[in-house]
Amino acid sequence: MFELVLGNSGGNEKLVFLRGEIDIYSAPDFRENLFQAIGDCKEDIVLDCSELSYIDSMGLGIMVAALKRAKQNDSNVRIRNPKPNVKKLFKITGLDKVFIMEDSK
Amino acid sequence: MFELVLGNSGGNEKLVFLRGEIDIYSAPDFRENLFQAIGDCKEDIVLDCSELSYIDSMGLGIMVAALKRAKQNDSNVRIRNPKPNVKKLFKITGLDKVFIMEDSK
Amino acid sequence: MKPLDSVSVLVPAKAEYVSVVRLTASGIASRLGFDIDDIEDIKVSISEVISRMIDKRVSSGRIAIDFHLFSDSIRIDFRLSDSSPKDIFAGGADDLAFEIIRSLMDEVNLNTDNQALLSMVKKLERAV
Amino acid sequence: MKPLDSVSVLVPAKAEYVSVVRLTASGIASRLGFDIDDIEDIKVSISEVISRMIDKRVSSGRIAIDFHLFSDSIRIDFRLSDSSPKDIFAGGADDLAFEIIRSLMDEVNLNTDNQALLSMVKKLERAV
Ligand SMILES: Nc1ncnc2c1ncn2[C@@H]1O[C@H](COP(=O)(O)OP(=O)(O)O)[C@@H](O)[C@H]1O
Ligand SMILES: Nc1ncnc2c1ncn2[C@@H]1O[C@H](COP(=O)(O)OP(=O)(O)O)[C@@H](O)[C@H]1O
C-alpha cells in the first residue's frame, strides 16, 4: 500500500508522487526509491503528498535525510499538498520550518 | 454505522433504504425500525440494499421474519440492488429463491 | 504444522466489539494476500461465530480469536476465557449461521482438541 | 480506576503487523466515540511505539497492546513477551518519535509499574 511514482513537471523541479502509507514496513522501499530518484540532480525535489494518507517519524526522518542530500547539491526539498493529518506531523515536529511547504490548492 | 431511511417511491410499494452494516450490534435497531416501517401495510416492501455494505445471518433472519409478516398481509418483500458480497449471502443460504431479488442496474 | 506467525485478539463478549474483530481480520487477511472476496468471506465467518457466542451468552468474559498464518492458508481459532456450554450451533447443519460458515470457509472444526471451541481454515488461491 | 472494557492484541514484533494494529486501534477508538482527528493521533502514536520496539529489536517475540476503555478516555499499554532493555526512546526528549507521541497523546508514561513498558492516555472531548 505504498507507491512512489516519478512525475514529469517540465519545470526545473523533480516531481515525486507519494501514494499510500509510509510506516516501518514501507520505509525501506521509500528510502531506496527516493534516493534513487534524487541521485545527483541539481533541481528541487517536489514531494507531492496529496495522495499520501499516512506517515510517521520514520518517513519524516527519511525526508530529512533527503533534504540533507539535496542541500549538498545546492537544491531543496519541497512538500506539496500534504493532507491535514500529514501536515499536522510536520507542524508538531517543527519540520514545517525546515522544509518548504507548498499548498497549491 | 447503520441507518434505515424510508423512501418515497410513489408507486404501490414501500421503499426502505438500508445503509451501512447490519450485524449483532445494529440488528436490534434494524428489527425495530423495519417492523415499524412495515406496520400493517398492504404494499410490497422494497429493501434498497445499494448502500448496505455488510450483513450476516442475524440480518438475514430479520428479513425472513419481515417476509413472513408481509405474506400475512398478502404482500411481499423485494431485495433491490444488493452489493456482490450481500448477494452472495442470499445465494449460499438459498434465500435468493425465497425473496424477490431485483437488479435495476 | 507450526504457523509462520500468529496474531491474537481478546475482546469482551459484547456486540459492539464484533466490528473491531472484523477490522483486525481484514488487516491480517490482506497482509497474507487474500483478495477482497476472500477477505469478506473471512470477516463474515468470524462475525457469525462471535455473534453466536455472544447471543447464546456462551461467555460472560472475553473471547480470544487466534489468527494462525501459514504460507498458503489462515486458521482462525476461537477460545473462551470461561468454561461454558459448547453447543453454539445447536441448530446443527440446518442452522443459517453454520451454513454460511461452511460455505465460505474451506474447513470448519467444532470442539477441536487444541482448546479451541471452534477452528476454521481459509486457503489462499482457493481452487473454485 | 477499573476500565469499562479491555481489548488486547498480540502481534509478532515484525514491521508487517504494525498496520494491523493501526486498523484495530481505529476500530476501537471510533467505537468509543473519538473523532477522526483523535483516531489519527492514536494510530500514529501506537505506530511510533511499536515501530520503535521492532526497530530497536526490543522484542524477538510478540508485542501485546492492551486497550483499556474508560467512559472519558482510552489508555493503551504496551507489554513485551520477553524481558528486554527498556530504553526504546534512548534519544529522550529530543527524539522525534517521542516528541510526536507527547504532542498527540494526553499522557505518556514510561516503565510504569503495571508491567507495561509504556502506557499512554487519550481523553475524549479533549479541551484544546
Ligand atoms: N503475514 C505475513 N507474514 C509473514 N510475511 C509477510 C506477511 N505479510 C507479508 N509478508 C512479507 O512481506 C512481503 C510483501 O508482502 P505484501 O503484504 O503482499 O506487500 P505489500 O504490502 O507491499 O503489497 C512478502 O514478500 C512477504 O514475505
Ligand atoms: N467501547 C464501548 N464500551 C462500552 N459501551 C460502548 C462502547 N462503544 C459503544 N458503546 C455503547 O453503545 C452505544 C452506542 O455507541 P456508538 O458506538 O456511539 O453507536 P453507533 O455505532 O450506533 O454510532 C453507547 O450508548 C454505548 O453505551
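Side chains included, hydrogens not; waters and symmetry mates left out as well; all remaining heavy atoms used. Lettering of chains follows the sequences in order, A, B, ..., and the numbering in each one begins at 1.
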*Taking all non-hydrogen atoms of both residues into account, name the closest pair between K14(C) and L4(D) and its distance.*
NZ-O, 4.3 Å
_Strictly distance-based, threshold 3.5 Å: is any side-chain N or O of R31(C) a donor or acceptor partner for the main-chain N or O of Y17(D)?_
no
*Separation of E16(C) CD from L69(D) CG (nearest 0.5 Å)*: 9.5 Å
_Do V20(D) and T24(C) make a side-chain contact, defined as non-hydrogen atoms from C-beta onward lying under 4.5 Å apart?_
yes
*With chain C, which of P12(D), S8(D), G27(D) has the greatest number of heavy-atom pairs at distances under 4.5 Å?*
S8(D)
